[in-house]
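Structure first, then comments.
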Amino acid sequence: MESSVQPASSSTLYRSRITAIGSYVPERRLTNADLERMVETNDEWIVQRTGIRERRISAPEEYTSHLCIQAVQQLADRYGAVLEDVDLLIVGTSTPDFAFPATACRIQAHFGMKQTTSFDLSAACAGFVYGVHLANGMIASGLHRKALVIGADALSKITDYTDRTTCVLFGDGAGAVLLERDDSDASPQFIAYTGGTDGSGGIHIYRSLLADHMEGTPVNTSGKLVQNGREVYKFAVQTIPKGVNDLLTQTGLTTDRIDWFVPHSANLRIIDSVCEKMGIPLERTLHTIEKYGNTSAATIPLALEEATREQKLKDGDTVLLFGFGGGLVYGGLLLSWKALSPKA
């Protein structure tokens, strides 16, 4: 099939906008009371240190691709989105069904997309922001016209439920957005981006596959997620304010011009600390930490989809997305929100 996308000239830049959004979480709830019966912990300890009260857990035969398919189906059903002509499909995940084929290929097959560049993106909890940034750039260049970006993880599959410091944190979920070329005269949705990497901190949160050491340091080879919570906390509270300030410097905005701050929902203490440092009221943050826990690449789209359904996001709102996680990596996007139009 011949592609309808025309290469952009060196001087041509197109705009893209988010036209639909969907999400999905599994049915099973794992509450703090449930965890009290599994490990030495209690509800008060978990809530004080994380803000989490429950998380969703995928069924034994329910994998990341299944979560993605449900999120995309909700997107299509609610907004009447046509998917067969999607020409770019990116899945940000740390828990693919297989090393290969990519989870994105399973999504392409399910929805029968005819000619789609499909791949998984590994950037841990920053995967969704990285994916949206990449999709926007590919549309802006003229190389693609319609992109589906999914952030999804089934972290319960790789969580050690004997480790009380990590098992209280993680849950499963998926969120998806559709980006399309915007040929209107409206102001651009994508305003600015910042991102970076501190690979020397990779040892602080990882999951082993082939290697049994990292730069000479032995690693846990169980295949389960391993995290040094103290070091990840330090990285987050130091890095996020710097990244946000970079975005503000690029645009000449101040924090009082940010209508909604959507950080990765890793831990409510991190969100509290970052908001205090930046002077952003907690009431202007969007997160799902209390009821879904840390769903890695899914946390930001889950929060966006919920806020969209609850009609919190208004046309023209300035929205700041910020993901961070294993790598160590981070990415921030500043958006001018465009109201979405569910079908009647």
Side-chain angles (χ1 to χ4, degrees), residues 49-50 90-96 120-134 136-137 149 151 153 155 158-159 163 165-166 169-170 192-221 223-250 255 261-278 280 285 287 289 294-300 320-334:
R49 285 163 177 77
T50 70
I90 303 172
V91 177
T93 187
S94 300
T95 55
D120 291 354
L121 187 159
S122 178
C125 306
F128 178 75
V129 173
Y130 272 36
V132 171
H133 174 57
L134 178 58
N136 175 54
V149 180
D153 274 300
L155 291 179
I158 61 168
T159 295
D163 178 3
T165 64
T166 60
L169 297 172
F170 301 112
Y193 172 80
T194 189
T197 305
D198 177 11
S200 66
I203 194 69
H204 298 316
I205 178 168
Y206 67 87
R207 177 194 176 202
S208 63
L209 289 175
L210 300 180
D212 61 4
H213 67 275
M214 191 182 303
E215 302 298 332
T217 300
V219 298
N220 183 318
T221 57
K224 299 296 185 181
L225 188 155
V226 178
Q227 175 176 271
N228 181 329
R230 185 182 300 274
E231 291 298 326
V232 173
Y233 178 90
K234 284 168 55 178
F235 172 75
V237 299
Q238 292 171 4
T239 302
I240 299 174
K242 291 179 182 177
V244 171
N245 285 333
D246 180 43
L247 289 171
L248 297 177
T249 299
Q250 289 182 48
T255 53
F261 176 45
V262 195
H264 162 49
S265 295
N267 183 313
L268 191 57
R269 290 176 70 182
I270 291 176
I271 296 173
D272 281 340
S273 176
V274 167
C275 285
E276 183 178 352
K277 284 190 174 187
M278 296 189 304
I280 297 177
T285 64
H287 64 81
I289 190 72
N294 182 342
T295 54
S296 191
T299 67
I300 290 175
L320 197 163
L321 316 181
F322 208 101
F324 59 91
L328 298 168
V329 298
Y330 69 91
L333 271 172
L334 199 60

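Annotation for Ala236 and Ile270: closest pair CB-CG2, 3.7 Å, computed over non-hydrogen atoms.
Donor-acceptor pairing under 3.5 Å is recorded for the side chains of Asp163 and Thr166. Looking at Asp153 and Thr95, their side chains do bring a donor and an acceptor atom within 3.5 Å of each other.
Residues passing the ring pair (Phe, Tyr, Trp, His ring centres under 6.0 Å) test with Phe324 are His264, sequence neighbours excluded.
Distance CG/Leu225 to OH/Tyr206: 9.5 Å, rounded to 0.5 Å. Here the CG atom belonging to Leu333 is positioned 7.5 Å from the CG atom belonging to Asn136, to the nearest 0.5 angstrom. The distance from atom CE of Met278 to atom OG1 of Thr255, rounded to the nearest 0.5 Å, is 8.0 Å. Considering CD1 of Ile158 and OG of Ser208, their distance stands at 10.0 Å, rounded to 0.5 Å. Interatomic distance, Phe170 CZ to Thr50 OG1, rounded to the nearest 0.5 Å: 10.5 Å. To the nearest 0.5 Å, atoms OH (Tyr193) and OH (Tyr130) are separated by 5.0 Å.
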For a quick test of your reading: what N or O donor-acceptor pairs under 3.5 Å do the side chains of residues 195-202 make, sequence neighbours left out?
unit_1, atom_1, unit_2, atom_2, d
Asp198, OD1, Ser200, N, 3.3
Asp198, OD1, Ser200, OG, 2.5

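For the salt bridge (charged side-chain N to carboxylate O under 4.0 Å, His left out) condition, the pairs that include at least one residue of residues 233-245, sequence neighbours left out, are Glu231-Lys234.
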